[in-house]
Protein chains: 2
Amino acid sequence: MSHSGYACLMAMDRDQVLRDAAALLSRKSTATMDEVARAAGIGRATLHRHFAGRDALVRALEELGIREFEVAFDNARLDEGTAVDGLRRLVAEAEPNAELLAFLVTENQLFEGDQVHEGWARLDARVSALFRRGQEEGHIRIDLSPAWLTEALYGLIGTCAWAVMDGRVAAKDFQYMIIELLLGGARRSVEK
Amino acid sequence: MSHSGYACLMAMDRDQVLRDAAALLSRKSTATMDEVARAAGIGRATLHRHFAGRDALVRALEELGIREFEVAFDNARLDEGTAVDGLRRLVAEAEPNAELLAFLVTENQLFEGDQVHEGWARLDARVSALFRRGQEEGHIRIDLSPAWLTEALYGLIGTCAWAVMDGRVAAKDFQYMIIELLLGGARRSVEK
DNA sequence: CCCGAATGAGACATCTCCGTCTCATCGAAT
DNA sequence: ATTCGATGAGACGGAGATGTCTCATTCGGG
């Protein structure tokens, strides 16, 4: 039977369509379904066969994003080593889905009547816990709240993803630019 | 004659409408013209009397944003003192228009056929020059490109504006959170 | 007190986009 | 070569947003 092989191929295509859609929608949120389809290299009809409508597409983007980032978090093994090491691994794992994250962060439709999406809240909690652990270990400043550091991490990942898309930052520097700025800051060490 | 006084009042109303529109559109870019009008506390007809259409509204947002930030840059006196001091003043001056900046950064319609808006490019150049000067003075790390630092500054301002809107960060901490993270980073100094 | 400008609310036609449909074509498995 | 499923292109009606209009009301100046 060719069922399983087919389903897998479809799933990969589906995810790739979603990634292309995220890359476009994160920069032009008013893009037409036709534009989304073109950006993904498929026809509008095929796009509609995969996702019932625009709402369903956004829902699917949310679900894929949350799923991918939960996997990324697991792969980053945030509990091993120091929080700083975990953060480095997290950024590395997040890189392939950075455009997806950029879309999710800017698209506030994750909120359904002032209520945050459950999976998103779970991710927030994990990142916050990571920063809090870093503070308790003495490696992270305590005058910057975990909530802010979490938002800043998301923001910097999205910003850097856009900068790479626009050619302002080299793709190979993605992790370095984010981690070095987030951890070390722009100021040059005085004692140097 | 009541002409001049009237024009001034209108201009203030107009700018306030634009600010409200930016705050809404930066979080819900698909918002209806009616929603924009409600968010600004005016009727849809009045909104249309000020701005011919949605495109005109976005154009006006661009122009206001660029104008406000050029004023902010002037007020920040970027040439006086060290680049770091100039950066501090810049963030302080930018705070009142942070939501506007958040809209402009995420809304990529500043690009008209792969060509960046002229005024925006000018602002970019000023920020980049500021960071470059900081590097030459020895106060800013040279392994982080001015282009990336510029984007990161915009990104952090927008992110922090959203965090304040969502109640994740206290409004009074706005400048501190941005400046401290951007300059010093999250890592706690080792020699402490 | 009166007058004029600006506003808000609503009606209306128009237009764009959406969702669904059909049909011809393509590719892969048999 | 044949068949079956998926795809792309295009047509179609419908829904929602847009842009324009009118009209009653309000507000401020004369």
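On a predicted model such as this, the values are computed, not experimentally measured, just so you know. Within every chain, numbering begins at 1; the chains are lettered A, B, ... in the order of the sequence lines, protein sequences first and strands thereafter.
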Just how far, in rounded Å, is P of dG16(D) from CE of M33(A)? 16 Å
What's the spacing between T150(B) OG1 and L144(B) CG if we round to 0.5 Å? 11.5 Å
Separation of atom CZ in R38(A) from atom P in dT7(D), rounded to whole Å: 16 Å
Got a salt bridge between D124(B) and R168(A), using NZ or NE/NH1/NH2 to carboxylate O under 4.0 Å? yes
Which of the following nucleotides, dT18(D), dG8(D), dC17(C), is nearest to the side chain of A45(A)? dG8(D)
So, is R54(B) near the phosphate of dA17(D), with a side-chain N or O under 4.0 Å from OP1 or OP2? no
Nearest-angstrom distance from the residue atom NE2 of H50(B) to P of dT18(D): 18 Å
Mind calculating the distance between CZ (R14(B)) and C1' (dA6(C)) to the nearest angstrom? 17 Å
Looking only at the side chain of R49(B) (C-beta and beyond, no hydrogens), which of the listed nucleotides dT7(D), dA11(D), dT7(C) gets closest? dT7(C)
Rounded to the nearest angstrom, tell me the gap between atom CG in D55(A) and atom C1' in dC17(C). 14 Å
So if I take the C1' atoms of five pairs at each end of the helix from dC1(C)-dG30(D) to dT30(C)-dA1(D) and get each local axis, what angle do the two axes make, rounded to 10 degrees? 30°
Is R67(A) salt-bridged to E63(A), going by a charged N under 4.0 Å from an acidic O? no
Nearest-angstrom distance from the residue atom CG of D34(A) to P of dA9(D): 9 Å
Hey, are R59(A) and D55(A) close enough for a salt bridge, meaning a charged N less than 4.0 Å from a carboxylate O? no
Please determine if E180(B) and R141(A) form a salt bridge, counting it only when a charged side-chain N lies under 4.0 Å from a carboxylate O. yes
Rounded to the Å, how far apart are H48(A) NE2 and dC12(D) P? 18 Å
Could you tell me whether D20(A) and R38(A) have a side-chain N and a carboxylate O separated by less than 4.0 Å? no
Let's test your reading of the model: under 3.5 Å, does the base of dG10(D) pair with the side chain of R44(A) as donor and acceptor? no
Under-4.0 Å salt bridge between R122(B) and E118(B): yes
Please state how far atom CG in L47(B) lies from atom P in dT18(D), giving the value in whole angstrom units. 10 Å
